[in-house]
Amino acid sequence: MGAHNEVSRAVLEVSNLTVHYGKVEALSNASIKVGEGQIVTVIGPNGAGKTTMLSAVMGMLASKGQVGFDGQIEGVPEVERMVARGMNLVPEKRELFGEMSVEDNLVLGAFQRYRMGKRDHGDTMEEVYALFPRLKERRAQLAGTLSGGERQMLAVGRALMAKPKLLMLDEPSLGLAPLIVREIFRIISELRRRGVSILLVEQNARAALQVADYAYVLETGAIAMEGPAHMLADDPRVIEAYLGLGGKHQDMLAG
Amino acid sequence: MDFQIALILGQDGITNGAIYALLALALVLVFAVTRVIFIPQGEFVAYGALTLAMVGNGVLPATVWLLLGAGVVVAVLDGMAALRAGQSKRLIAIMAVNLAYPLALLGLLKAMPLAELALALQVLVALLIVVPLGPMMYRIVYQPIAEAPVLVLLIVSVAAHLAMVGLGLLFFGAEGYRTPAFSDARFEVGPMTVTGQTVWVVMSSLVLIVALALFFGRTIYGKALRATAINRNGARLMGISPALAGKLTFFLAALIGTLSGVLISPITTIYYDSGFLIGLKGFVAAIIGGLASYPIAAGGAILVGLLEAFSSFWASAYKEVIVFTLIIPVLVWRSLTSHHMEEEE
Ligand SMILES: Nc1ncnc2c1ncn2[C@@H]1O[C@H](COP(=O)(O)OP(=O)(O)OP(=O)(O)O)[C@@H](O)[C@H]1O
Ligand SMILES: [Mg+2]
């Protein structure tokens, strides 16, 4: 396609990122870019390497290549440093603190800010509660006892407590009922309105392409296609592989 | 055995049990956060007690040289890491904590008439010397292998324990010491005489336990340690680095160990190698709590203390054997009642 994500200022610029699990190469020379205030989505089939890519960018996995974040290049990103610099990941497995209350989970989301002397987590928490009133109702409940949807909300809310510049979401709609999926995507657009740049990995390609500005298709560890989201949504290959025949297939499944 | 003797033994048991409870809490904490079975916990008890004894005798405690040596090693390790990461600004803080602090302390100790200080100040000196050894030990010994399997960490713990005992012999000699009691008061409670030191031990333990509970329940750093124990990856994603959690945990463990040593040394004569048996009894209590439950571990510690006191009356030669045999029924009971948990990676 030869397209490029033309942005005036890139928050995230990943070039030639390669990740190995032992001898197996799970990600090969992937390059992506997220502009300031953009929602960029990465779609692709199961096992394509989407989660691997996010983990490597965050520094949870060893990688080769370059990760430029907020104008500074990291050879090998280190998690705590990336968090301190304003990057945040809502991982596929959520990694909540199950035996702690919802509120404690949220407070810990602001740990790095607190450490740097920014003690405003009380206000941030109110903002998060305003976004997810359900979490406020459940503030004293243990995170491990939340429903799947509430857990998702808590994972996103916890990440927001860090006031990230870049929020990376790994399948935020995983296992959610359609109504809640719509709610989650509404919140994603709302976050962009507030100036958070978002890198979104999704199985739900239709919804992701609708909300995103720019999109990448990842297949077997390599970027296969990229382009403005609305153009990819109309691309016959994408429709065939990820959207189904004009959406009828998915609508049928949705019943 | 009449009622009078039972009361005395019960008092002994609870006093020692309170110390074991503190050590058990430290062991559970260290294991939960770092997966290290902290065998050198007992050495901090001995180092604390003997450092206090040396200060009381007006001798410059040799542990301050260990502090200086460990500080140099940490400064080199952290300094090189900071330079490699291009964070040369951190060098000043690293030097201040690891070099300037031990040197300043050394100068201060040389200038002060140690033996004439009030007991409370002598205790403070012992804490200032011994407690920083905890986080330094984490940095030097455990941080480089933080991701290793539990068994490797255990073997390293055994090595660290042996090294500390050897150094203890070098620093303090083979002689045992007893430090003066915090208080010579005696209270008549019904038919029983309670010594001031017993009250000190039990009250200090309670205060420390409450303080720890508040720390873990109320403060963000305490919550961060719990979070690391619950989900390491989740904690890292919040910017809580395992290294920070490890150092903080070892600071607390060293603080608890040193305080225990200071509390117990007026009751029992402490030798350079006494820490191991004391720590091991805390360990039995921690095992009763499955290395996971703080309240059960604390209860177990009181049980261990009482068992020890009463068996020293009935079968004094076998008192250690009886205490450590307790571990067998406990393990059987635990393996029957709980599902075996696979070691998490
Ligand atoms: N720890 C690991 N060790 C070995 N192989 C791994 C490991 N983690 C992932 N893989 C493999 O790497 C490939 C990419 O996995 P990844 O989780 O990144 O896929 P994904 O695109 O996120 O898929 P999904 O949409 O199902 O979440 C898969 O083939 C997976 O089996
Ligand atoms: Mg995935």
Side-chain angles (χ1 to χ4, degrees), chain A residues 54-55 58-61 72-101 103-116 118-119 121-122 142-144 151 154-155 158-164 167-168 170, chain B residues 28-29 32-33 78 80-90 93 139 143-144 146-147 213-249 289-296 341 344-345:
Chain A
L54 293 192
S55 304
M58 195 68 213
M60 300 290 284
L61 280 178
Q72 200 177 329
I73 287 169
E74 305 273 339
V76 184
E78 191 210 341
V79 188
E80 295 80 27
R81 221 173 114 62
M82 299 314 270
V83 175
R85 292 188 47 207
M87 183 187 276
N88 227 286
L89 169 66
V90 176
E92 196 171 24
K93 291 184 188 145
R94 305 304 173 233
E95 314 279 14
L96 297 174
F97 307 119
E99 290 107 85
M100 296 172 84
S101 70
E103 188 142 316
D104 281 351
N105 270 268
L106 289 177
V107 167
L108 284 167
F111 178 80
Q112 188 64 46
R113 277 179 74 76
Y114 185 90
R115 231 192 136 198
M116 294 189 300
K118 296 173 192 148
R119 311 270 149 108
H121 54 274
L142 295 187
R151 238 177 265 209
L154 180 55
R158 187 180 66 169
L160 289 177
M161 289 296 293
K163 297 204 164 178
L167 182 61
M168 303 196 288
D170 198 344
Chain B
V28 172
L29 169 66
V33 176
D78 276 352
M80 284 192 336
L83 283 183
R84 230 179 290 129
Q87 296 171 306
S88 42
K89 268 182 264 161
R90 287 189 44 220
R139 175 63 188 93
Q143 190 175 316
E147 299 304 320
L214 288 177
F215 172 72
F216 287 112
R218 298 283 170 81
T219 69
I220 195 164
Y221 279 92
K223 286 173 188 175
L225 286 190
R226 271 165 63 211
T228 306
I230 294 170
N231 186 335
R232 287 171 80 76
N233 278 338
R236 286 187 73 196
L237 287 172
M238 304 299 106
I240 306 164
S241 79
L244 172 73
K247 276 185 229 162
L248 192 50
T249 304
L291 276 176
S293 163
Y294 295 95
I296 300 180
M341 298 237 269
E344 284 174 35
E345 30 76 70

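So you know, we letter chains A, B, ... as the sequences are listed, proteins then strands, and number each from 1. Fair warning: this is a prediction, and the values are worked out from it, not measured in the lab.
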- Under 4.5 Å from a heavy atom of chain B, the part of A:F111 involved: both

- Query: Heavy-atom distance under 4.5 Å to chain A: side chain of B:A229, backbone, both or neither?
  - Reply: neither

- Checking A:R115 against chain B: side chain, backbone, both or neither under 4.5 Å from a heavy atom? both

- With A:D170, which residues qualify under side-chain contact (heavy atoms from CB on, under 4.5 Å), at least two apart? A:T51, A:L54, A:E92, A:V201

- Item | A:M161 vs B:M238, side-chain contact (heavy atoms from CB on, under 4.5 Å): CA-CA, chis, key distance, verdict | CA-CA 10 Å; A:M161 289 296 293; B:M238 304 299 106; over 6 Å; no

- To the nearest 0.5 Å, how far apart are CZ in B:R236 and CD in A:E78? 7.5 Å

- Task: Look up atom CZ in A:R158 and atom CG in B:L237, then write down how far apart they are to the nearest 0.5 Å.
- Result: 7.0 Å

- Note on the structure: CD (A:Q112) and OG (B:S241) are apart, to the nearest 0.5 Å, by 8.5 Å

- Where do A:E99 and B:R226 come nearest, in terms of heavy atoms and distance? O-NH2, 4.5 Å

- Query: What heavy-atom pair brings A:L108 and B:A227 nearest, and what distance separates the two atoms?
  - Reply: CD1-CB, 3.5 Å

- Task: Please test B:L244 against A:E80 for side-chain contact (heavy atoms from CB on, under 4.5 Å), starting from the C-alpha separation and ending with a verdict.
- Result: CA-CA 10 Å; B:L244 172 73; A:E80 295 80 27; over 6 Å; no

- Note on the structure: Value for CG (A:L89) from CG (B:N233), rounded to nearest 0.5 Å, stands at 10.5 Å

- Message: What part of A:N88 gets within 4.5 angstrom of chain B, counting heavy atoms only: side chain, backbone, both, or neither?
- Response: side chain

- Which pair of heavy atoms, one from B:N231 and one from A:E95, lies closest together, and at what distance? ND2-OE1, 3.0 Å

